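The structure appears right after this line, and notes come after that.
What you are looking at is a predicted structure, and each value in this text was computed from that prediction instead of being measured. A note on names: the letters A, B, ... follow the listed sequences, proteins ahead of strands, and every chain is numbered from 1.
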Number of protein chains: 2
Amino acid sequence: MAHTNDSPAGVLGDRAQRVLKALVEQYIEDGEPVGSRTLARDGGLALSPATIRNVMSDLEDLGYVHSPHTSAGRVPTVRGYRFFVDSLLEVRPLDGEELSRLRRSLAPGTGTQEVVGIASDLLSAITRMAGVVTLPRGRSDSLRHVEFLPLEGRRVLAILVIDEERVENRIIRTAREYSAAELEQAGNYLTRNFAGKTLREVRRQLVREMREAREHLDRVMLAAIDMAEKSFEPADGGGDFVLAGQTNLMDFRELSGSVERLRLLFDAFNQKREILHLLDECARAEGVRIFIGEESGYEVLDGCSVVTAPYQREGRVLGVLGVIGPTRMAYERVIPIVDATARLLSAALNSR
Amino acid sequence: MAHTNDSPAGVLGDRAQRVLKALVEQYIEDGEPVGSRTLARDGGLALSPATIRNVMSDLEDLGYVHSPHTSAGRVPTVRGYRFFVDSLLEVRPLDGEELSRLRRSLAPGTGTQEVVGIASDLLSAITRMAGVVTLPRGRSDSLRHVEFLPLEGRRVLAILVIDEERVENRIIRTAREYSAAELEQAGNYLTRNFAGKTLREVRRQLVREMREAREHLDRVMLAAIDMAEKSFEPADGGGDFVLAGQTNLMDFRELSGSVERLRLLFDAFNQKREILHLLDECARAEGVRIFIGEESGYEVLDGCSVVTAPYQREGRVLGVLGVIGPTRMAYERVIPIVDATARLLSAALNSR
DNA sequence: GGTTAGCACTCTCCAGGTTAGAGTGCTAAC
DNA sequence: GTTAGCACTCTAACCTGGAGAGTGCTAACC
């Protein structure tokens, strides 16, 4: 009432923005609710505490900040963080030392699996939060080589080499027993005729051929079809990710305060499903994406933010990497780190 | 002075043993320091609190129990637990339901990798602590099949099938570029001539042959030797284990009380080294082994106990499984569970 | 009219004191 | 040898009263 904003309702005036920015920055720095006095002293605003109080009161009405109790300073809400990240954030260019560390560690010519692990470790080490990288996978798996080995009891070990250097092995159960020679032939047949196609295509084509010319098929092809049908099913979980430095999250009191919540979070990491869904979403968009607290839509991530960026090879998005930490994270530092890591990982995978 | 023990110094009289037993059981049950009154009431000892106090005083002098402060009841020391486990424990036979759950889940004929994961999950689920199973590995890896595929830039993807159904793949760098055909021949050569031998033997033999008859070697053999030398190196870490239910440990206040300690523990799980050492030790002995607190020799396991048992196939120990939890665990329940799981896992692996 | 100083008020946090409860050790009686 | 009784000790829980921080309101100021 006393101090209505000078801008249209719901839109922040310039001064309010400056106050919000200072408040969020201060809160990110030391995690204590921020009071008007502190802000007047250290915020670089050239405003008196009283004025700041008025502005903060407006901010609270608009839902950008929140007061834990009557006399405790203000804390940014999710909405406050969102506005901060979208409109107020000044992304700090990446520290030279950190950049060179990334460069050194993500050297081209390392195995994919390996470099993915390294990226995850780096993200975790540099940000001191949890680093996560989804494994390249999925939709357009291109078959390179197939090998079948007989096991005891009508079981067959299928080894698939996909996308140059990814090895997957599955144990499948077959209708009848196959000899080693039969399996070898079947493998050779599949490798010879289908290398370069995706698992999905191979499967579809085999099924079609079988339907069209059931009677003309020889033993080898029949065996091949039998095997392929079972072993080329879409990968078991549908994907996976590598996580590093979960335990870093124990250092943040807003998370470790309730062991209960921490446990939920860690359980989610182990089950992977929800986290993976979220990361998958991120693969669609370009560039750095940020989920703040509940925005992610997953309850376990309450109080956490997730900063991600997709990485690619030859223009095709292979996966997503990012960082998971408390909402109160140093976005201006984390964003360029995630961005740079994604670029360097892409570079490392491309230059072969 | 007043109540000297009626047995030789350091050896516990019958009554003292009964008191210690009741005390440890009580403490395991509710985690509070146990006082004389409680023990007189619920311990089934038919002794008055005063008498129990005298006995407890003796036990404290002998180092079996400890008083956190003047008036707080007694808590078992590591030595107390040790004596309890060695001499007083009455192992409860396994609950029928639990046993049948184990039986059902550890059915024979499942893939090794898979069944190991299942065992770990089971241990964790039934005991509500952390379950751990070392992966079958190491010393006597028997080679079954070798495949080499060329990658770009003088790199080769080596796929080794070991011990029937274990697949390992490594990327190696070679001195010169090899063609796909050469690599295929090399792989076939190795598979044909060395299947059934351990990686170590193969390597040794190849090196010997090379030394003896360097000039007579044909292209295929040279390539094979080059490959094998690099890809048959003892496996990267030297071993590994599967862990399940770490987060269960967060439920125990003696561990979760200090997030610091919990963090150390979780870091140890991630780094695996120390835990793996300990588990390796256990593979030597037969039957169930128990490490209580500091006994393990690893600082991170302070406050934790580890109960393990080796599992085997055809008489040969393949690995170790067990449970990690707070010192204050229900040994009489955990021991038969670990024991049974080891037996059933062995059975599942044998009956092929 | 926006900005600021002043002030009364609220709330948390902490230190200190008090109490209730639990447990002990000792002594004396059984 | 065992037990009841009692004085003593220690902790945890609770209350209490500042101290400090922060707020909202009002009135004065530019």
Side-chain angles (χ1 to χ4, degrees), chain A residues 1-7 12-20 22-23 26-27 29-62 64-76 253-254 257, chain B residues 1-7 12-20 22-23 26-27 29-62 64-76 253-254 257:
Chain A
M1 359 178 152
H3 299 271
T4 56
N5 212 294
D6 53 353
S7 337
L12 290 184
D14 177 60
R15 194 179 59 181
Q17 293 195 14
R18 273 169 43 231
V19 171
L20 179 58
L23 189 147
Q26 181 65 37
Y27 183 69
E29 188 159 324
D30 57 36
E32 302 290 329
V34 184
S36 54
R37 182 201 294 267
T38 323
L39 230 43
R41 195 171 2 94
D42 308 331
L45 295 168
L47 291 174
S48 79
T51 311
I52 293 176
R53 279 203 287 282
N54 290 329
V55 177
M56 291 211 289
S57 178
D58 294 347
L59 286 174
E60 182 149 27
D61 289 343
L62 295 171
Y64 291 102
V65 297
H66 165 78
S67 214
H69 57 83
T70 326
S71 155
R74 305 307 214 282
V75 166
R253 65 173 165 307
E254 56 263 61
Chain B
M1 355 178 156
H3 299 271
T4 55
N5 213 294
D6 53 354
S7 340
L12 290 183
D14 177 59
R15 194 179 58 184
Q17 294 195 15
R18 273 169 43 229
V19 170
L20 179 58
L23 189 148
Q26 181 66 37
Y27 182 70
E29 187 159 325
D30 57 37
E32 302 291 328
V34 184
S36 55
R37 180 200 296 266
T38 323
L39 229 43
R41 197 174 0 96
D42 308 330
L45 295 167
L47 291 174
S48 81
T51 311
I52 293 177
R53 279 205 286 283
N54 291 329
V55 178
M56 291 212 290
S57 178
D58 295 348
L59 286 173
E60 181 149 26
D61 290 343
L62 295 171
Y64 291 101
V65 298
H66 166 78
S67 215
H69 57 84
T70 327
S71 154
R74 305 306 214 283
V75 165
R253 64 174 167 307
E254 55 263 62

Rounded to whole angstrom units, what separation is found between the [atom1] atom of [X] and the [atom2] atom of [N]?
X: B:Ile52; N: C:dG23; atom1: CD1; atom2: P; answer: 12 Å
X: B:Asn54; N: D:dG1; atom1: CG; atom2: C1'; answer: 10 Å
X: B:Tyr27; N: C:dG23; atom1: OH; atom2: P; answer: 14 Å
X: A:Arg18; N: C:dT3; atom1: CZ; atom2: P; answer: 10 Å
X: A:Gln26; N: D:dA21; atom1: CD; atom2: C1'; answer: 14 Å
X: B:Arg41; N: C:dG23; atom1: CZ; atom2: P; answer: 8 Å
X: B:Leu45; N: D:dG1; atom1: CG; atom2: P; answer: 19 Å
X: B:Leu47; N: D:dT3; atom1: CG; atom2: P; answer: 6 Å

Set of side chain to side chain contact (heavy atoms under 4.5 Å, CB included) partners for [X], sequence neighbours left out:
X: A:Ser48; value: A:Ala50, A:Thr51
X: A:Ser71; value: none
X: B:Glu29; value: none
X: B:Glu254; value: B:Phe252, B:Pro326, B:Arg328

* To do: Give a yes/no on whether any side-chain N or O of A:Arg74 is located under 4.0 angstrom from OP1 or OP2 of D:dG22.
  => no
* **Phosphate-side-chain proximity, A:Arg15 and C:dT3, N/O vs OP1/OP2 below 4.0 Å** => yes
* Asked: Looking at DNA chain C, which of residues 30-38 of chain A put a heavy atom within less than 4.0 Å of it?
  -> none
* Structure fact -> Stem ranges of DNA chain C by first residue number, counting only runs of at least 3 Watson-Crick or G-U pairs under 3.5 Å, come to C:1-30 with D:1-30
* For B:Val75, does its backbone N or O pair with a side-chain atom of B:Ser67 as donor and acceptor, under 3.5 Å? -> no
* To do: List for me each residue that meets side-chain hydrogen bond (donor to acceptor under 3.5 Å, both in side chains) alongside B:Arg53, sequence neighbours excluded, and say none if there are none.
  => B:Ser36
* Please name all residues satisfying side-chain hydrogen bond (donor to acceptor under 3.5 Å, both in side chains) with A:Thr38, sequence neighbours left out, ordered by chain then number. => none
* **Spatial distance of atom CG (A:Leu59) from atom CG (A:Leu20) [nearest 0.5 Å]** => 5.5 Å
* Structure fact -> Rounding to 0.5 Å, atoms CD (B:Glu60) and NE2 (B:His66) come to a distance of 7.5 Å
* Residue pairs, two or more places apart or on separate chains, that pass salt bridge (charged side-chain N to carboxylate O under 4.0 Å, His left out) and touch residues 32-41 of chain A -> A:Glu32-A:Arg253
* Reading nucleotides 4-16 of chain D 5' to 3', which nucleotides get B (base under 4.0 Å from a protein heavy atom), which S (sugar-phosphate only), which -? -> BB---BBS-----
* **Option passing side chain to side chain contact (heavy atoms under 4.5 Å, CB included) with B:Leu39 (candidates B:Leu47, B:Val55, B:Ile52)** => B:Ile52
